[in-house]
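Throughout, protein chains are lettered first and strands after them, A, B, ... in sequence-line order, and every chain is numbered starting at 1.
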Number of protein chains: 2
Amino acid sequence: MSPRRTDPRTRSTLVDIAAGLLAGEGPQALSARRVAAEAGSSTMAVYTNFGGMSGLVREMVHEGFARLEAYFSQVAATGDPVADMALLGRAYRRNALTNPHLYAVMFGGANPAGFSLNAEDRQYGRYTLGTVVECATRCIEAGRFDSGDAELVAHQLWTAVHGLVTLELGEYLIEPCNAGVVFEAQLIGLMVGAGDDVESAVRSVRSSRTRLATELGDPDPDE
Amino acid sequence: MSPRRTDPRTRSTLVDIAAGLLAGEGPQALSARRVAAEAGSSTMAVYTNFGGMSGLVREMVHEGFARLEAYFSQVAATGDPVADMALLGRAYRRNALTNPHLYAVMFGGANPAGFSLNAEDRQYGRYTLGTVVECATRCIEAGRFDSGDAELVAHQLWTAVHGLVTLELGEYLIEPCNAGVVFEAQLIGLMVGAGDDVESAVRSVRSSRTRLATELGDPDPDE
DNA sequence: TCCGGTGACATAACAGCGTTATGAAAAAAA
DNA sequence: TTTTTTTCATAACGCTGTTATGTCACCGGA
């Protein structure tokens, strides 16, 4: 109504509205006009603040990585690094299931408005994986994994959990094939393949269940 | 030029053009106007033949599953079902790397024109997994995997390879972390986790390399 | 206090998208 | 041959991201 809106926080307002739109109605609801209308301004606000829709989406992708890192930081480093790793996997999955549309934009290439990640964005994502690399290092030092490249182990685990989460979000996993079962089996398999012996891997993964409620704040171990 | 184009094969022509556009220029090149112009007709051809862009994209998704199944059928069933399984994984990955944009549409949710998979499409995808389930059954019968649900094992392996391929296509995997290494390690881990002992799993996966050239027609085992 | 400059935003437009109503003409059925 | 059905061209509607232009609010200096 007033010809001049004296709101210095237009930028974060737009991000919040866009995030709400993405989470609530999915990627196709993310349009410059919709965001602007919801904010009570014109589409130009998107361009002065973010240089276009791509910039706004990029901002949300970074926010998505921040949320993932926040989940990671909730996992404590205990004397059982393998159990820690299992919990990091749970945290990864929980973050994806909590923010499915955001996760799809981050990794699935769900294209809102011709957005596509650039090299810097991907580096941003790999940086977030630092927590996992550090945990893999502890696993190796503890003799639970074969001595080797911790970064490679982290990428292995990443691909595993990412694959599970992606198909789960895409509703490809069949009903009787419980995602939780697949998750634990996959994790155990990878740990055993990385050098751990079967019994201790199973024990560590199972023991991480008890930490779900306290560290990830999830009363339901979803399985 | 002629007021009536006497081409009874308009339908398959449109599919071919669309497939070429998707493979050559990516999802954003898939537009009704573009396809129609390339075919020398109007956008209405897309609607009479496919009911809209979604129908055309859906047709290509089905084509994608057919190609995947064609790759699968190139893998012979030998006396070493674990090696067969490793080769099926290679075939899956090769299909994805050969048709990256199509794969992204099939699983990544790369949204050309507001297309989204429905329940039938997903069932179509799971059906393609039948070859893997059958191979898992043979692994179990041969005592190489713990006796259990073959479909669950197949889904495990699917999530594993899918995760790897997705991050590989998204260029998330770092350079020194060779995708081939991750692939074999992940496969070995899953097989060991599924009941196989480490040595024979490693041996079977490694032995499948020699079958790459003959069965998948790939002279380069890409590590 | 005024005054010019700078930045943020509104307005309106352009090109492109999927989609649809209408109509003409070819093919098929009678 | 006549009628019906199907296929497609034309044009439009509403939507998208984006941009050129203009207008105001703010801010530093005189």
> Hey, is the main chain of Ala76(A) close enough, under 3.5 Å, to the side chain of Glu215(A) for a donor-acceptor pair?
Replying inline: yes
> dC9(C), dC8(D), dG17(D): which one has an atom nearest the side-chain heavy atoms of Ser42(B)?
Replying inline: dC8(D)
> Rounded to whole angstroms, how far apart are CZ on Arg11(B) and P on dC8(D)?
Replying inline: 11 Å
> If only atom types and distance count, is the side chain of Asp16(B) paired as donor or acceptor with the main-chain N or O of Thr13(B) below 3.5 Å?
Replying inline: no
> To the nearest Å, how far apart are Met44(A) CE and dA25(D) P?
Replying inline: 18 Å
> What class does the angle between the rings of Tyr103(B) and His162(B) fall in, given that below 30° is parallel, 30 to 60° is tilted and above 60° is perpendicular?
Replying inline: tilted
> What is the distance from OH of Tyr47(A) to P of dG7(C), rounded to the nearest Å?
Replying inline: 21 Å
>> Rounding to an integer number of Å, can you tell me how far Arg33(A) CZ sits from dC9(C) P?
In response: 18 Å
> So, does Asn99(A) use its side chain to make a donor-acceptor pair with the main chain of Asn95(A) at under 3.5 Å?
Replying inline: yes
>> Tell me the interatomic distance from Arg34(A), atom CZ, to dG14(D), atom P, rounded to whole angstroms.
In response: 18 Å
> Can you name the closest pair of heavy atoms from Gly148(B) and Ile140(B) and give their distance?
Replying inline: O-CD1, 3.5 Å
> Out of dC9(C), dG17(D), dC8(D), which nucleotide sits closest to the side chain of Ala45(B)?
Replying inline: dC8(D)
>> For a ring pair (Phe, Tyr, Trp, His ring centres under 6.0 Å) check, start with the C-alpha distance between Phe107(A) and Phe107(B), then their side-chain angles and the critical distance, and finish with the verdict.
In response: CA-CA 11 Å; Phe107(A) 296 111; Phe107(B) 296 111; over 10 Å; no
>> Check this for me, if you would: do Arg58(B) and Glu120(B) make a salt bridge, where the nitrogen-to-carboxylate-oxygen distance has to be below 4.0 angstrom?
In response: no
> Do Glu38(B) side-chain atoms and Ile17(B) backbone N/O form a donor-acceptor pair below 3.5 Å?
Replying inline: no
> Thr10(B) side chain N/O closer than 4.0 Å to the phosphate oxygens (OP1, OP2) of dC8(D)?
Replying inline: yes
Taking only distance into account, with no hydrogens and no angle test, what donor-acceptor pairs under 3.5 Å do side-chain atoms of residues 126-133 of chain A form with protein atoms, sequence neighbours excluded?
{"from": "Arg126(A)", "atom 1": "NE", "to": "Tyr172(B)", "atom 2": "O", "distance (Å)": "2.7"}
{"from": "Arg126(A)", "atom 1": "NH1", "to": "Gln123(A)", "atom 2": "OE1", "distance (Å)": "2.6"}
{"from": "Arg126(A)", "atom 1": "NH2", "to": "Glu171(B)", "atom 2": "O", "distance (Å)": "3.0"}
{"from": "Thr128(A)", "atom 1": "OG1", "to": "Tyr124(A)", "atom 2": "O", "distance (Å)": "3.1"}

>> Using a strict heavy-atom distance below 4.0 Å, which residues from residues 15-31 of chain A are in contact with DNA chain D?
In response: Leu30(A), Ser31(A)
> Looking at DNA chain D, which of residues 48-62 of chain B put a heavy atom within less than 4.0 Å of it?
Replying inline: Thr48(B), Asn49(B)
